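Everything below concerns the one structure shown next.
Only a predicted model underlies this, so the values are computations on that prediction, with no experimental measurement involved.
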Amino acid sequence: MPLLLYPSSACVPPPRALLRRLSPPPPMAAVAPPPPAVRILPSVGALDLPPPPPPATDDFHWLDLFAFLNSPADTYHQIPQQGGEEEELEAGLELELERHAEVERQRERARKAQHRRLRQRQVKAETEAWARAAEEYREIEREMLDRRLAPALPYVKSLFVGWFEPLRDAIARDQDVQRRKRVKHVYAKYLLLLPADKVAVIVMHKMMGLLMSSKDGAGSVRVVQAAHCIGEAVEREFKVQTFFQKSRKKKDQGENDPALEKEQAKCRKHVKSLVRRRKMSDAQKLVQQELELEEWGTEAQVKLGTRLIELLLDSAFVQSPADQTPDSSPDIRPAFKHVLRQPIIENGRLKKKHWVIECDHLVHEGFESTARHVDIPYLPMLVPPKKWKGYDKGGHLFLPSYIMRTHGVKDQKDAIKSVPRKQLRKVFEALDILGSTKWRVNRRVHDVVETIWSRGGGIAGLVDKTNIPLPERPELEDPDEVQKWKWSLKKAKKTNRELHAERCDTELKLSVARKMREEDGFYYPHNLDFRGRAYPMHPHLSHLGSDLCRGVLEYAEGRPLGKSGLCWLKIHLANKYGGGVEKLSHEGKLAFVENQLLDIFDSAANPVDGNCWWINAEDPFQCLAACMDLSDALKSSSPYRAVSHLPIHQDGSCNGLQHYAALGRDYMGAVAVNLVPGEKPADIYSEIAARVLDVVRGDSLKDPATNPNASLARVLVDQVDRKLVKQTVMTSVYGVTYIGARQQITKRLQEKGLITDDKLLYDVSCYATRVTLDALGQMFQSARGIMAWLGDCAKMIASKNQPVKWTSPVGLPVVQPYKKYKNYMIRTSLQCLALRREGDAIAIQRQKAAFPPNFVHSLDSSHMMMTAIACKEAGLHFAGVHDSFWVHACDVDQMNQILREQFVELYSMPILENLLEEFQKSFPTLEFPPCPPQGNFDVREVLTSTYFFN
């Protein structure tokens, strides 16, 4: 059918008098599309143009139209000249472009100025924290002297103020004594490096922080632990100040100052000359400033720390409340005591007698309000962390930062320092990506947390602020009843100590949230453990933490949900609600959320005083955050355009077993852990629970007289469920022992509260553990085979007195740190202390048992790093917690594709073959067993498995 064109048709090209004359292109030449940024000129109809003649419609063809559009410009009607209108349009366009460019320049200047301000604040936070605290105490002292009245201070801060002056003076006197001595104590040169007021603040805050974070809540800490922590804090502060001063000096003199370089070269030459002439003392003095930045070592830290603890014991006192008679003398007593703890049995282990620093009960009572007044090191950063470029080059601006948490193990440090930087490129890049993700406090969730906490806690996973009541002594002096009462009393006191420790931990988390609440955003620099798993360097409030931490944090940058993002937000909410909903298909989760919309809206609008549907979730605060986000979106005029700051999680399905199934190409194992596509998610925990229940039911029907397990099975049969076996299944591939598995199952049975007799509880736990581990062995035979092969290889290497070493798929050198340690005694000013140092002998059994789980951890960390790099290249904001990957809701589909592609890429490598080859090169005299046989599973099936990560 011929194409009809009329004068009013949009297909008719306008006259082109303003176009430069062009030679006609060859027939059917491809015409380049116009550039995207085109200035829209006034409508052609606004000009006085003669109408184009109507085309002949009887024989018009699309080729005629193509030839018409490509005809020379002079064949078109000419536009009459409009005087200076063209020049005015061009001038206006140039002016508008210049104005737009100026706006962009102003924005860039404002952004840089804001970054400079934030960086200055970050530098002060890292370099002036202790100095600011000391100045605050001095200011309070001046105020007290001027007014002759103590200001109204929080209880613990009033203690700090009371201790500060006598402790500072004691340290200053000791510094003066050590300066005058010809033969100084070992700790003297370290004690003299910082001002007395700054050292006093470090000692007070560190001691209170250690006592407060004690897991048993007993208000005591081992002397050696406290001394090491305080000495390490003094060393860190000295290094921060030295590095800061050097950086400022270098900046003032210029990066490439020829005079400075000449002076440094002259100094190096002089040092070499002194060494050649054997004038070692002169050479040491010359390089003393450089040597001061070397690590002090544990022995020096402990000796300094014990001396400072001794000064604290002599300077810090507390006074009982004013309930004494006027004639009685004030009850003033030491705030801390040096106490010898007798041997006790705790969790089945004998604790030898040891010296501790114990605080007075008046100090202990104030711990729960102490957190906001205790300095917290390594707070989240206000600017992006420095990019990693080496073992100690990256992370914080001035605080000492190390890429690996070696805990003093020399082999690990040497391994990562010895490899070329190019080999670690992916590791550095992945850590930089994790550190560059910008977070902020979710203020609405934080408000809810603070409200519940102020009302006493006890709901939504928050610890109760009240202790459990202690049992009363029985009236009758029956020995059995008295013994039961003693056990109950001991258990209640232990529970109260644990509750106290949990309350202190919650206060620390909330203290950080309060400090960071008003910030537009902050960052978490990351580093690694020796296996390659990444961790935020901040210890308290981070996305690695509990449900409370994760619920209070969100991305600082929001993104529109989009259609898929809205669906993923609903799925995320269902997952966080839990209670079996997380095992449903995606369609089932969406239907669950649709049916609960009224409860979701109520939770978002009235989270504390409403129906509180969200409180019953397995992860209540994360569920509440999702309720608020979903409610905002659905109540907006355009839900798809609603901006979401919530990170959506995609978690591996028992990720350790996923890696074993991929390593062994085990089809049966792959089906069990969702490597193979399925209509709904396979649940390995429910499968194992079903197998355990079948065995227990069978045993319960047997005769107790002939089968000792029958009576235990009858007690257990009604308590077998998914939750009972989940932790044991999850940790089985990470080397959990029989004892560890028994303790896990015992804890689950205690939570149910149906077995009150301790002896029966122990016997039932042992039985349940045996049945659970047997069911695991039957279901994952391939994984067991690989674990056995890895253990055999490790045993052969360790028998040569060598640690097991390997290189992860992303190039990270991994060294297992398990050696036999030697104890040795050092004399300090307070007491003799026993320290440990690495011996030369390898711990063979630990090397063997730890290698399979450590190797799998190095694989899951490699998968996370590969995914992080690919997500960054795709423009996604990525965060990761081991086998849980997080992005914005709108980006979940893209990340799901990426993480599957990276998993396939990872297991397209011959991982076990490469490991065996590496072992054979390192130990050519050993005959290692061949790699385990592989199954027929095609790892590319992961690409279409919906529930691989979900």
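- Among residues two or more places apart in sequence or in another chain, the salt bridge (charged side-chain N to carboxylate O under 4.0 Å, His left out) test is passed with R837 by none.
- With sequence neighbours excluded, the residues that form a side chain to side chain contact (heavy atoms under 4.5 Å, CB included) with D414 are K410.
- In terms of the side chain to side chain contact (heavy atoms under 4.5 Å, CB included) criterion, residue partners of V186 (sequence neighbours excluded) are, by chain and number, K303.
- By the side-chain hydrogen bond (donor to acceptor under 3.5 Å, both in side chains) test, E518 pairs with no residue at all, sequence neighbours left out.
- Considering only heavy atoms from C-beta on, L399 comes within 4.5 Å of V240 through its side chain.
- Around atom CZ of R138, more than 12 heavy atoms belonging to other residues, nucleotides or ligands sit under 6.0 Å away.
- Residues forming a side chain to side chain contact (heavy atoms under 4.5 Å, CB included) with K112 (at least two apart in sequence, or on another chain): E108, R116.
- Y523 meets the ring-ring contact (aromatic ring centres under 6.0 Å, His included) test with no other residue; sequence neighbours excluded.
- Taking the salt bridge (charged side-chain N to carboxylate O under 4.0 Å, His left out) definition, one finds that R307 meets it with D174, E310, sequence neighbours left out.
- Residues meeting the ring-ring contact (aromatic ring centres under 6.0 Å, His included) test with F530, sequence neighbours left out: none.
- By the salt bridge (charged side-chain N to carboxylate O under 4.0 Å, His left out) test, D432 pairs with no residue at all, sequence neighbours left out.
- For residues 382-396, the side chain to side chain donor-acceptor pair (under 3.5 Å) pairs, not counting sequence neighbours, are H396-S401.
- For the side chain to side chain contact (heavy atoms under 4.5 Å, CB included) test, residues two or more places apart in sequence or in another chain that qualify with A513 are H446, L541, V552.
- With F336 as the partner, the side-chain contact (heavy atoms from CB on, under 4.5 Å) test is satisfied by one option alone out of I357, V318, D314: I357.
- Under the salt bridge (charged side-chain N to carboxylate O under 4.0 Å, His left out) criterion, R517 pairs with D447, sequence neighbours left out.
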